[in-house]
Number of protein chains: 2
Amino acid sequence: MKPTLQTVADAVGVSRSTVSNAYSRPDQLSPQLRETILEAAARLGYTGPHPAARSLRKGQVGAIGVLFSAELSYAFTDPYAVQFLRGLAETAERHNTGLLLIPLLSDGEAAAQAVQNAVVDGFCAYCVPAWHASYDAALARNLPMVIAEWHANADPGTRVVGIDDMAAARTAARHLTALGHRRIAVIAHWIGPVQHSGPITLARPEDAPHHVTRERLIGYRDAFAEVGVDWSEVTTISSIHNSREEGAAVAAHLLDRAPRPTAILAAADLLALGVLDALETRGLQAGRDISVVGFDDIPEAAAARLTTIRQPALDKGRIAGELLLDAERAERQVVLPTELMVRASTGPNNEAGRS
Amino acid sequence: MKPTLQTVADAVGVSRSTVSNAYSRPDQLSPQLRETILEAAARLGYTGPHPAARSLRKGQVGAIGVLFSAELSYAFTDPYAVQFLRGLAETAERHNTGLLLIPLLSDGEAAAQAVQNAVVDGFCAYCVPAWHASYDAALARNLPMVIAEWHANADPGTRVVGIDDMAAARTAARHLTALGHRRIAVIAHWIGPVQHSGPITLARPEDAPHHVTRERLIGYRDAFAEVGVDWSEVTTISSIHNSREEGAAVAAHLLDRAPRPTAILAAADLLALGVLDALETRGLQAGRDISVVGFDDIPEAAAARLTTIRQPALDKGRIAGELLLDAERAERQVVLPTELMVRASTGPNNEAGRS
DNA sequence: TCCAGAATCTGGATCGATACAGAAGGGTGA
DNA sequence: TCACCCTTCTGTATCGATCCAGATTCTGGA
């Protein structure tokens with residue numbers, strides 16, 4: 001049988017408490033006794049206090065749970081998500097805390113179970129749809145929890161870090177309208193009530209289920225309204241995953257039928273890069289034939305000369321961690337700045353004079 | 001105070017066991033009683049069994065610990081590591097298991113602590129140096145553990161998945177010697193006994209402390225020997241981190257002094273890509289002026305037209321997970337295939353006739 | 001009507017540690 | 001010499017669940 005504290009205590013002839021102290025509070029016993037105990041422990045094959053038992057008693061674990069928007073295996077394909085995670089890891093590391101990546105299974109029951117069973121001190125939700133079982137399950141755990149997306153009217157008690165998605169999206173869209181574009185299409189992740197890949201009609205952006213997508217669509221809509229383009233005239237395309245491949249695939253819906261939009265707004269860089277791929281396949285030039293704007297400014301965006309909105313992914317992760325772990329960090333809500341990065345993928349509308 | 005099983009039991013007027021069964025073994029009580037219990041639980045704000053307590057009693061957690069070679073925040077910068085993690089996550093997800101990323105702190109004491117306290121069912125070590133405190137601590141935990149690097153003479157009981165690094169490296173080096181290169185330099189991560197960035201002398205590759213690096217250096221050395229180039233003639237450069245930036249930085253030691261090597265072997269693609277950057281800065285052309293070979297075949301390698309060794313990172317992760325979680329998977333040691341991908345970064349030695 | 005067997009439910013033992021109050025022994029200053 | 005404090009160690013209570021053997025009730029067939 002596996003040795004326990006008691007085993008060692010018996011072997012040395014001291015009490016269980018003393019052995020415990022040898023590990024957790026060395027100042028509570030004489031150095032030579034401690035030495036004896038550790039020696040005996042090594043001899044018996046005792047490897048230190050059982051983590052689960054210790055966590056139970058101390059009411060503290062040393063790990064935080066991370067909830068992702070997609071299956072774990074997808075999370076790592078998105079450079080933006082990886083950056084975020086990196087920032088989070090940086091803070092966690094400083095606090096000697098582990099990160100428990102929790103699979104966000106599509107099976108609600110199992111997902112809730114996974115969250116319920118997570119042995120953690122707190123949660124960090126990264127783009128988890130509010131209706132997802134995991135989200136409720138995490139809230140229900142009643143542990144400290146930080147949400148990595150900005151909510152304008154979040155309860156002042158909840159920890160939130162993010163950007164003003166709506167304003168940033170508005171900036172992106174205004175960039176296009178200022179260039180004279182009016183026939184603009186929008187590609188975003190998960191626009192409608194169900195996951196769907198392809199064109200979709202959404203009467204009001206406010207109805208999009210995914211928080212971040214919703215905010216960005218509203219920003220786009222408002223910018224369009226400023227120049228008299230009604231939302232109903234805008235073609236909206238939904239994607240299931242946030243991937244380059246799918247960006248290219250759904251772009252076909254826009255590029256292979258007339259009239260083509262003169263500009264495309266993608267609510268994520270990966271989708272935008274996919275659109276650029278689709279353009280290249282068709283011999284079209286971004287910025288001249290069709291303007292494309294992304295969102296996030298992942299490293300690849302600069303290489304592809306994609307106009308996009310920069311948001312500080314690394315800082316977001318870092319701060320999310322601090323909001324959970326830095327006890328002295330009093331504030332609970334942090335908004336980070338964004339910036340429009342104008343690159344070669346956007347240019348004036350060439351049809352401007354004609355129509 | 002936080003409600004427990006007992007709280008709910010008292011409220012409903014049943015025993016603690018029955019409430020426990022309501023959650024964990026629904027078939028052990030009548031549906032209507034279960035309903036009543038869950039209702040009461042919701043009313044009282046009871047959120048289900050306490051994970052630490054449950055883990056303690058059941059002796060099972062539902063998470064595996066992942067040990068990385070570098071600080072967590074660096075791990076995510078290496079696409080190869082990310083791919084591996086993705087594969088691992090895929091398997092974990094299928095088994096409804098979480099991944100606990102454990103910071104591999106440089107402070108040995110703290111690192112060992114982190115491993116000791118990890119509430120997990122097993123460990124997966126990814127390129128953890130064998131001398132690192134975390135490694136011993138993980139072994140000491142006496143839990144199932146898989147090592148994600150191939151060891152030719154590993155104990156048959158230990159779970160191992162990897163590639164034949166030595167043979168693959170030999171193939172990479174032979175490619176260069178076959179092209180007529182003789183003045184070849186080697187860049188690798190952590191060659192000497194201490195972390196160091198820059199040229200370093202290593203009498204025998206066998207002395208390199210890092211297992212993977214050691215294997216690859218031996219492979220290089222053996223291929224050189226086949227054409228009469230002695231290891232002592234080879235310039236070896238060590239890097240601290242496995243990053244593109246550092247690859248470029250240490251390449252300076254080779255490119256800015258005469259005689260320049262005609263070819264460079266980098267033991268990782270990120271380093272090789274850094275070398276390519278350094279070449280470009282100096283107006284040199286890879287494959288013509290200097291040949292460069294990498295290792296790993298990360299996605300960026302193809303884009304940069306880097307000749308390299310492909311190894312299946314995703315599969316490695318996936319299989320590592322299966323070795324831990326698939327009970328019916330009897331084998332314990334898996335070697336994966338590698339392939340030399342010849343691209344534009346290598347070409348014949350132009351000095352061949354001259355010297 | 002009676003009883004075996006299934007369906008429900010109970011209670012104490014247990015998982016492996018830490019907290020905390022207090023006991024024992026040793027040292028110090030008045 | 002005595003009172004007091006400090007260091008070192010002990011023992012019991014507790015963290016919050018699950019396990020398992022057994023008690024109780026229900027069911028259906030002889």
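Every chain is numbered from 1, with letters handed out A, B, ... down the list of sequences.
Salt bridge B:R94/B:E322: present, at least one basic N to carboxylate O contact under 4.0 Å.
Backbone-only contact: B:R25 has heavy atoms under 4.0 Å from sugar-phosphate atoms and none from a base. Residue A:Y46 is classed as a sugar-phosphate contact, given heavy-atom separations below 4.0 Å to backbone atoms only. No contact: A:S55 has no heavy atom under 4.0 Å from any strand. At the heavy-atom level, A:S30 lies under 4.0 Å from the strands shown only through sugar-phosphate atoms. Among the atoms of the strands shown, base atoms are found under 4.0 Å from some heavy atom of A:T18.
Comparing D:dA17, C:dC9, C:dA17 by their closest approach to the side chain of A:R57 singles out C:dA17. Considering only side-chain atoms of B:N21, the nucleotide from C:dT10, D:dA17, C:dA17 that sits closest is C:dT10.
Phosphate contact (OP1/OP2 of C:dT10, side-chain N/O of B:S15, threshold under 4.0 Å): present. Contact annotation: A:R54 reaches the phosphate of C:dT18 (side-chain N/O to OP1 or OP2, under 4.0 Å).
Nucleotide C:dG16 holds its P atom 21 Å from the CD atom of A:Q60, rounded to whole Å. Straight-line distance from the CG atom of B:D10 to the P atom of D:dG16: 14 Å, rounded to whole Å. Taking atom CD on B:Q32 and atom P on C:dA7, their separation rounds to 15 Å, with Å as the unit. As a whole-Å value, the separation of A:L5 CG from D:dG11 C1' is 14 Å. Here D:dC20 presents its C1' atom at 13 Å from CZ of B:R16, a figure rounded to the nearest Å. As rounded to whole Å, 15 Å separates atom C1' of D:dT24 from atom CD of B:Q28. Distance OH (A:Y23) to C1' (C:dG16): 13 Å, rounded to an integer number of Å.
Between A:K316 and A:Y126, the side chains place no donor N or O within less than 3.5 Å of an acceptor N or O (distance only, hydrogens not considered). Checked by atom type, the side-chain pair A:R54/A:S24 shows a donor-acceptor distance below 3.5 Å.
B:H189 contributes no side-chain N or O that, together with a main-chain N or O of B:V212, makes up a donor-acceptor pair within less than 3.5 Å.
Taking the six-membered ring where tryptophan is involved, the planes of A:H151 and A:H211 are essentially parallel, since the angle between them stays under 30° and well short of 60°.
Between B:S17 and B:L56, it is B:L56 whose nearest contact on DNA chain D lies nearer the 5' terminus.
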